[in-house]
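Structure record follows, encoded as structure tokens.
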Amino acid sequence: MKKNERKKPLIALVTNNDDDVYCFRKEIIDSLIKNGYSVLISCPYGEKLKLIDDIEYIYDDPVIDRRGTSVTADAKLFFHYMSVLKKYRPDVVLTYTVKPNVYCGIASHFLKIPVISNVTGFGSVLQKSGMIRKFIMTLFKISFRRSECVMFQNSTNMRLAEESGMVKGDRLLIPGSGVNTDRFPFIKYPDGGDGINGGKVVFNYIGRILKEKGVDVYIEAAKRIKKKYPNTEFNMLGFIEPTEIHYEKELKELEKDGIIRYFGSQKDVRPFIALSHATIHPSMYGEGMSNVLLESASSGRPVITTDNPGCRETFIDSETGLLFKGGDADSLCNIIERFLSMPNEARAEMGARGREYIKSNFSRDIVADAYLKKIGEILSK
């Protein structure tokens, strides 16, 4: 579509992977189209994009080394964004994840295109070494200070940005990416025992296979619990990051030993949630807002997670889930044993309360409406 053929305002949605588009932004895209906007989606091509074939949009396929630190690669990405933005001249740009937030944000500012930035989490950035962390945070500051609005998924990240002078203008706290409570409906809780007698008790880890996500803690807990409670099952779903390829061999060995069942990346996690009794999310440093926890709780499953930003907001300890100390396998094992000691009816009730908590506080409609309102304000200026 050429610029001069366009009749509708064009909104560009820029992120770093197809999973982010389909799993977390689809309802926003649907709302934009429903409300008379055209949409440009910029992210590296992936299989999840096939799942939105029914949507009409302009597609851009950038090359993004998501975890790399190559100056050359990042410079190429910046100039790619400059080229795409010059070609299509979107009316508003929505950016997500680190490199799109920084490089597409700065490119948009150069071209005087309004930007709404979304902070999906500072966790991994804050764990970088001193100079690298300082450099990345400086880039955030350059980008965010000129954004029309910066949306934060948890109050901890928002407070950090404010105290560091990263944001000067409009900012908004939203409930993460929200969750489509219709797509993740309440699912009847399965029968279950105590890990030794009666029915099996199934735990899921759903997420990238990445050290900072706490997979080592999850694996260590699985090893210990399986010895003491043989009628438990520990599943892992998610793709192995290229930088963490050593997990491939480890997971194969753990499967062989009957400790872990690894299912790789899944297009649809709902069947796995349906068979589970709880989702364990052992994030080491925090998230923007954990979609895994939102989806699991929306489905009526108790969550077991850490007191880190983006995790603690998704549940009420001892009511809709259980809390353990991040990075501490002893703490996780203690909480799993507490969960196993609960009657299955009490676990089911915990999951049901979690469903109601999510419906009241984390519906994706809340997020979509926030974007529509902010875009309308920008375009009316």
Side-chain angles (χ1 to χ4, degrees), residues 9-62 64 66 81 84 88 90-101 104-105 108 114-121 147-154 172-184 206-208 265-270 287-295 298 310 358 362-376 378:
L10 178 65
I11 310 300
L13 189 149
V14 187
T15 188
N16 68 8
N17 68 88
D18 59 307
D19 194 68
D20 193 59
V21 173
Y22 175 69
C23 296
F24 310 141
R25 318 294 167 206
K26 185 177 183 298
E27 288 76 17
I28 292 175
I29 295 167
D30 288 339
S31 293
L32 289 169
I33 293 171
K34 182 179 178 181
N35 282 273
Y37 297 102
S38 296
V39 174
L40 183 156
I41 297 174
S42 175
C43 75
Y45 182 77
E47 292 298 308
K48 292 284 178 71
L49 292 179
K50 292 180 181 178
L51 302 176
I52 59 170
D53 277 346
D54 58 323
I55 296 174
E56 184 177 342
Y57 63 93
I58 302 166
Y59 177 61
D60 169 55
D61 185 8
I64 303 180
R66 292 188 295 139
Y81 286 140
V84 170
Y88 292 107
D91 294 276
V92 181
V93 174
L94 316 180
T95 62
Y96 303 85
T97 67
V98 174
K99 292 192 177 183
N101 270 336
C104 188
S108 300
V115 179
I116 300 175
S117 308
N118 187 308
V119 178
T120 53
S147 293
E148 287 286 330
C149 179
V150 182
M151 293 189 176
F152 294 90
Q153 299 191 9
N154 67 67
L172 185 65
L173 184 64
I174 58 174
S177 300
V179 61
N180 185 332
T181 56
D182 292 328
R183 185 166 185 268
F184 287 89
I206 305 172
R208 289 176 292 159
S265 180
Q266 295 291 318
K267 288 183 178 179
D268 188 355
V269 299
R270 288 172 294 183
E287 319 277 328
M289 188 67 69
S290 171
N291 292 285
V292 168
L293 294 175
L294 297 181
E295 292 167 358
S298 180
I358 295 302
F362 292 94
S363 168
R364 193 158 285 174
D365 290 340
I366 299 171
V367 179
D369 289 345
Y371 269 99
L372 288 172
K373 181 180 179 182
K374 188 56 60 178
I375 290 168
I378 292 170

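Since we're looking at a predicted model, the values are computed, not measured.
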Item to check | Contact check, side chains of I366 and I174, non-hydrogen atoms, under 4.5 Å | outcome: no
Item to check | N291: side-chain hydrogen bond (donor to acceptor under 3.5 Å, both in side chains) partners, not counting sequence neighbours | outcome: none
Checklist entry - Any side-chain heavy atom of Y22 within less than 4.5 Å of one from K267? => result no
Item to check | Straight-line distance of D61 CG to C43 SG, nearest 0.5 Å | outcome: 7.5 Å
Item to check | Results of side-chain contact (heavy atoms from CB on, under 4.5 Å) for T181 - residues two or more places apart only | outcome: V179, S298, R355, I358, K359
Next on the checklist: What I'd like to find out is whether the side chain of P44 reaches to under 4.5 Å of the side chain of P62, using heavy atoms alone.
Outcome noted: yes
Checklist entry - Do N16 and K99 pass the side chain to side chain contact (heavy atoms under 4.5 Å, CB included) test, and can you show the C-alpha distance, the side-chain angles, and the key distance before you say yes or no? => result CA-CA 8 Å; N16 68 8; K99 292 192 177 183; over 6 Å; no
Item to check | Shortest non-hydrogen contact between T95 and V93, atoms and distance | outcome: CG2-CG1, 3.7 Å
Checklist outcome for this item: Sorted by chain and number, sequence neighbours left out, side-chain contact (heavy atoms from CB on, under 4.5 Å) with L372 holds for S31, L32, N35, Y37, D369
Checklist entry - Can you tell if the side chain of V84 reaches within under 4.5 Å of the side chain of V14, non-hydrogen atoms only? => result no
Checklist entry - Out of curiosity, L10 CG to I58 CD1, how far, rounded to the nearest 0.5 Å? => result 5.0 Å
Checklist entry - Is there a donor-acceptor contact under 3.5 Å from the side chain of S290 to the main chain of L293? => result yes
Checklist outcome for this item: So CG of D91 and OG of S38: to nearest 0.5 Å the spacing works out to 9.0 Å
Next on the checklist: Holding to side-chain hydrogen bond (donor to acceptor under 3.5 Å, both in side chains), I want the full list of residues that pass it with Y45, two or more places apart in sequence or in another chain.
Outcome noted: none
Checklist outcome for this item: What one should report as the nearest heavy-atom pair of P100 and T15 is CG-C, 3.6 Å
Checklist outcome for this item: d(M289 CE, L173 CG) to nearest 0.5 Å is 7.0 Å
Checklist entry - Who passes side-chain contact (heavy atoms from CB on, under 4.5 Å) against D19, sequence neighbours left out? => result N17, C23, F24, K48
Checklist entry - Quick check: does any side chain N or O of R364 sit under 3.5 Å from a backbone N or O of K26, one acting as donor and the other as acceptor? => result no
Item to check | Inter-residue atom distance L13.CG - D20.CG, 0.5 Å rounding | outcome: 7.5 Å
Item to check | Heavy-atom closest contact (P175 atom, L294 atom, distance) | outcome: O-CD1, 4.5 Å
Next on the checklist: For a side chain to side chain contact (heavy atoms under 4.5 Å, CB included) check, start with the C-alpha distance between D30 and I55, then their side-chain angles and the critical distance, and finish with the verdict.
Outcome noted: CA-CA 8 Å; D30 288 339; I55 296 174; 3.4 Å; yes
Checklist entry - What is the minimum heavy-atom distance between Q153 and S177, and which atoms define it? => result NE2-OG, 3.8 Å
Checklist entry - Rounded to the nearest 0.5 Å, how far does CD of E27 lie from CG of N180? => result 4.5 Å
Checklist outcome for this item: Tightest non-hydrogen contact, residues I28 and A368, listed as CG1-CA, 4.2 Å
Item to check | Test side-chain contact (heavy atoms from CB on, under 4.5 Å) applied to P114 - qualifying residues, sequence neighbours left out | outcome: E148, I378
Checklist entry - If you look at every heavy atom in P9 and G36, which pair is closest and at what distance? => result CD-O, 3.9 Å
Checklist entry - Would you call I52 and I41 a side-chain contact if the rule is heavy atoms closer than 4.5 Å? => result yes
Item to check | E56 side chain reached by I33 side chain, heavy atoms, under 4.5 Å | outcome: no
